[in-house]
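For reference, the structure discussed in these notes is given below.
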2 protein chains.
Amino acid sequence: MTGVPNSKQTAANPAPERRRALLATAAEVFAAQGYDATTVRRIADEAGLLAGSLYYHFDSKESMLDEILSGFLDELWAGYDTVLAAGLAPRETLEALVTESFREIDRHRFAVAIYQKESHHLADRPRFAYLAESRRRFERAWLGTLERGVAQRAFRADLDARLTYRFLRDTVWVAASWYRPGGAHAPEEIARQYLSMVLDGIAVRE
Amino acid sequence: MTGVPNSKQTAANPAPERRRALLATAAEVFAAQGYDATTVRRIADEAGLLAGSLYYHFDSKESMLDEILSGFLDELWAGYDTVLAAGLAPRETLEALVTESFREIDRHRFAVAIYQKESHHLADRPRFAYLAESRRRFERAWLGTLERGVAQRAFRADLDARLTYRFLRDTVWVAASWYRPGGAHAPEEIARQYLSMVLDGIAVRE
DNA sequence: CCTTCCCTAACAAGTGTTTGGTAGGTTAAC
DNA sequence: GTTAACCTACCAAACACTTGTTAGGGAAGG
């Protein structure tokens, strides 16, 4: 080895911009084709260098995936924790969580798409154990909010809470598969309409 | 080639049970690991034979995937067409489509999971062009029902129809990722609660 | 003997990854 | 102010391995 290359996740690398750019194109290809279907050579092509050169910046294909996913989850939980620490009422908490989620989709749509497709079968591997942990925290936050809302008579009590949680969770995150930044609706507008539908229903009230 | 093996999609093969059993295990592995991440040897292991032996029944890994997906879509559209031909009102049509969808998930949950994960990047290849066509028919059926419902004042007019369509579509189908047959809720019960939530909302009415 | 169904053994192509080298810029020594 | 050393970011070429697939053979049953 010639120089002293990457030291991942630390702070002050001299040129982290190249890393981030490479990760961005990797994320785009991963999201489009799936992680396993994506070859290192394809990523290199898209980024304008040769396959082996990627290993100057990263020490494996898997570590690229790792960095993409953990980076996204770190930012996501920063946002969520702010919301959860605000001590809002259940309905307002739900609204804030949904809005924050759509903002994250806006910023990390490729990472979200990858997370959706791959997290389930990655969570087994020790390296990606944080995916399962994140999933548990996620469920606690959302399901807890729903149950508090039911107890305070803000949400209906005649629905299965777990079922409701899954519907909420899934519909929010699958939006990453069709969302395009700069499209007809900003994330906040999507969140608003989504909340309106989920909270009040799509049927006309009598 | 030794004998006269498979003639796909035709009717009366002498022993199609073995085929279907092999396809079932293939579908399960595809759904769990993803198509590209799944090796032919893994499927063979799970089915209790060697990799090469699979090629007596199928002529490629891709044709297994093809048969799984097209088989599912054929059954799905048989159900949908029955509903659409019944001439129901928009709200009843929506209810019937949702219920039928959850029944299909109950019967083809692995195929649905595969469809969710892979259809997007498969639709390009000529062999899987029917995926894109099915997607178009799907949108026409659901979006049309929604728009008819808005016109007849059964559904709210202040929501973006395409957004509503995507929310409906996605939440219905991602259910395949967590649904387990023989679980707490039968497909019809899931459909009932889902429709209740989507039509009337989860908030308590004042 | 023929058909069905599978195994053994191999193939070529593609995979992630490593090694050694090098062009070009920056820094340090004299 | 030239020269030497060094670092960054890449390329070229190969590595060991896995992949989907094929060819030929064989056991079992009718």
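No hydrogens, no waters, no symmetry mates; every other heavy atom, side chains included, goes into these values. Throughout, protein chains are lettered first and strands after them, A, B, ... in sequence-line order, and every chain is numbered starting at 1.
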Subject >> Out of D/dT21, C/dC6, D/dC10, whichever nucleotide has its closest atom nearest the side chain of B/R18 >> reply: C/dC6
**OP:** Please report, rounded to the nearest Å, how far the P atom of D/dT22 is from the CZ atom of B/F58.
**Re:** 15 Å
Original post:
Counting just side-chain N and O atoms, does B/Y56 come under 4.0 Å of either OP1 or OP2 of C/dC6?
Top reply: no
Subject >> Spacing between B/D45 atom CG and D/dT19 atom P, to the nearest angstrom >> reply: 11 Å
Original post:
Can you check whether B/H57 has a side-chain N or O nearer than 4.0 Å to OP1 or OP2 of C/dC6?
Top reply: yes
Original post:
Is there a side-chain contact between B/Y165 and B/D160 (heavy atoms, below 4.5 Å)?
Top reply: no
**OP:** Using whole Å, report how far CG of B/L65 lies from P of D/dG20.
**Re:** 13 Å
Original post:
Just how far, in rounded Å, is P of D/dA9 from CD of A/E17?
Top reply: 10 Å
Original post:
What pairs meet the salt bridge (Lys or Arg N to Asp or Glu O under 4.0 Å) rule with one or both residues in residues 162-176 of chain B, with sequence neighbours excluded?
Top reply: B/E139-B/R162
**OP:** Could you check which of D/dC11, C/dT17, C/dC7 has an atom nearest any side-chain atom of A/L50?
**Re:** D/dC11
Original post:
Quick one: on DNA chain D, does B/S60 or A/G52 contact a more 5' nucleotide (nearest heavy atom)?
Top reply: A/G52
Original post:
Would you say a side-chain N or O of A/S53 is under 4.0 Å from OP1 or OP2 of D/dA9?
Top reply: no
Original post:
Whole Å only: how far is the CG atom of A/L22 from the C1' atom of D/dC10?
Top reply: 11 Å
Original post:
Tell me: CG of B/L54 to C1' of D/dT19, nearest whole Å?
Top reply: 14 Å
Original post:
Would one find more than 12 heavy atoms of other residues, nucleotides or ligands at under 6.0 Å from atom NE2 of B/H120?
Top reply: no
Original post:
Within 45 degrees of the axis of the six-membered ring of B/Y55 and under 6.0 Å from its centre: does B/K61 put its NZ or CZ there?
Top reply: no
Subject >> Student check: side-chain heavy atoms of B/R125 and B/L122 closer than 4.5 Å >> reply: yes
Subject >> From C/dT18, D/dT8, C/dC5, nucleotide with atom closest to A/Y55 side chain >> reply: C/dT18
Subject >> Whole-Å distance separating the CG atom of B/L49 from the C1' atom of C/dC7 >> reply: 10 Å
**OP:** With the side chain counted from C-beta on, respond yes when A/W77 and A/F138 share a heavy-atom pair under 4.5 Å apart, and no when they do not.
**Re:** yes
**OP:** Take the protein atom CG of A/D59 and the nucleotide atom C1' of C/dT19, then report the distance between them rounded to whole Å.
**Re:** 16 Å
**OP:** Check DNA chain D against residues 30-44 of chain A and give the residues with a non-hydrogen atom under 4.0 Å, in numerical order.
**Re:** A/R41
Original post:
Is there side-chain contact between B/I190 and B/Y179, with heavy atoms separated by less than 4.5 Å?
Top reply: yes
